[in-house]
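When a residue number appears, it is its place in the shown sequence, counting from 1.
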Amino acid sequence: MRQLSVPLSPHGQALWHWLMWRANTVYWQFPLRLSVPEIAGGTKMSQAMVKRARAELVKGGFILHEAFGGNKPAGYWILSCIRPGTVMEPHLKVKGKQSGESSSGKVLEMRR
């Protein structure tokens, strides 16, 4: 739905989906610390195209980006498309015990 109001180029969409995948692999712990060559390899884009797509995502309010200087990997935060400007983050929610739940009853859910 967000793409209707802030359309992204195909490269912007590819970077967005790749960053979502990477965030999911680290259980939504931010900032994601990623270098441009790492992103370029993962998305099969050139480093220049990654930088243009990243600028597009920042301008559209899809991500926050912070350079840490030198050759340190930059930090990335994914912003919620439901509540624009809000960083997505995990939180623990206690639910009633159901089959398949751990004995503690804690479930990791996504806060938007």
Side-chain angles (χ1 to χ4, degrees):
M1 295 300 292
R2 181 88 189 277
Q3 287 254 356
L4 296 174
S5 61
V6 184
L8 293 174
S9 69
H11 289 103
Q13 291 176 36
L15 179 56
W16 166 252
H17 288 288
W18 191 82
L19 289 172
M20 293 284 284
W21 173 76
R22 282 303 304 261
N24 197 44
T25 63
V26 296
Y27 302 100
W28 301 90
Q29 300 301 311
F30 294 106
L32 297 173
R33 298 294 302 264
L34 304 165
S35 67
V36 171
E38 180 181 4
I39 296 169
T43 59
K44 308 293 189 252
M45 290 191 273
S46 69
Q47 291 184 26
M49 186 54 68
V50 167
K51 291 176 184 177
R52 283 192 292 269
R54 178 180 65 196
E56 179 183 2
L57 292 175
V58 169
K59 184 178 177 184
F62 288 90
I63 65 170
L64 294 176
H65 165 257
E66 180 180 0
F68 292 109
N71 59 354
K72 296 178 186 172
Y76 294 85
W77 290 263
I78 296 177
L79 300 176
S80 172
C81 288
I82 295 170
R83 292 188 186 117
T86 305
V87 174
M88 295 181 70
E89 61 184 12
H91 71 285
L92 289 176
K93 183 176 180 182
V94 178
K95 291 186 171 185
K97 189 168 181 165
Q98 299 174 356
S99 63
E101 274 189 12
S102 67
S103 60
S104 67
K106 293 180 181 175
V107 177
L108 186 64
E109 292 187 346
M110 184 56 55
R111 180 179 297 157
R112 294 185 180 146

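Nearest heavy atoms, Val26 versus Leu32: CG2-CD2, 3.5 Å. Residues Ile78 and Trp28 approach most closely at CD1-CZ3, 4.2 Å, considering heavy atoms. Minimum interatomic distance between Leu19 and Leu34 (heavy atoms only, all atoms of both residues): CD2-CD1, 3.6 Å.
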May I have the list of side-chain donor-acceptor pairs in residues 59-77 shorter than 3.5 Å, sequence neighbours left out?
residue : atom : partner : partner atom : Å
His65   : NE2  : Arg54   : NH1          : 3.2
Tyr76   : OH   : Arg54   : NH1          : 3.0

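Rounded to the nearest 0.5 angstrom, Met45 CE and Ile39 CD1 are separated by 8.5 Å.
Judged as a salt bridge (charged side-chain N to carboxylate O under 4.0 Å, His left out), the pairs with a partner in residues 21-34 (not counting sequence neighbours) are, in order, Arg22-Glu38. Residues in residues 39-51 take part in no salt bridge (charged side-chain N to carboxylate O under 4.0 Å, His left out) pair, two or more places apart or across chains. Residue pairs meeting the side chain to side chain donor-acceptor pair (under 3.5 Å) criterion with at least one member in residues 4-17, sequence neighbours excluded: Ser9-Glu56.
Under the side-chain hydrogen bond (donor to acceptor under 3.5 Å, both in side chains) criterion, Ser46 pairs with no residue at all, not counting sequence neighbours.
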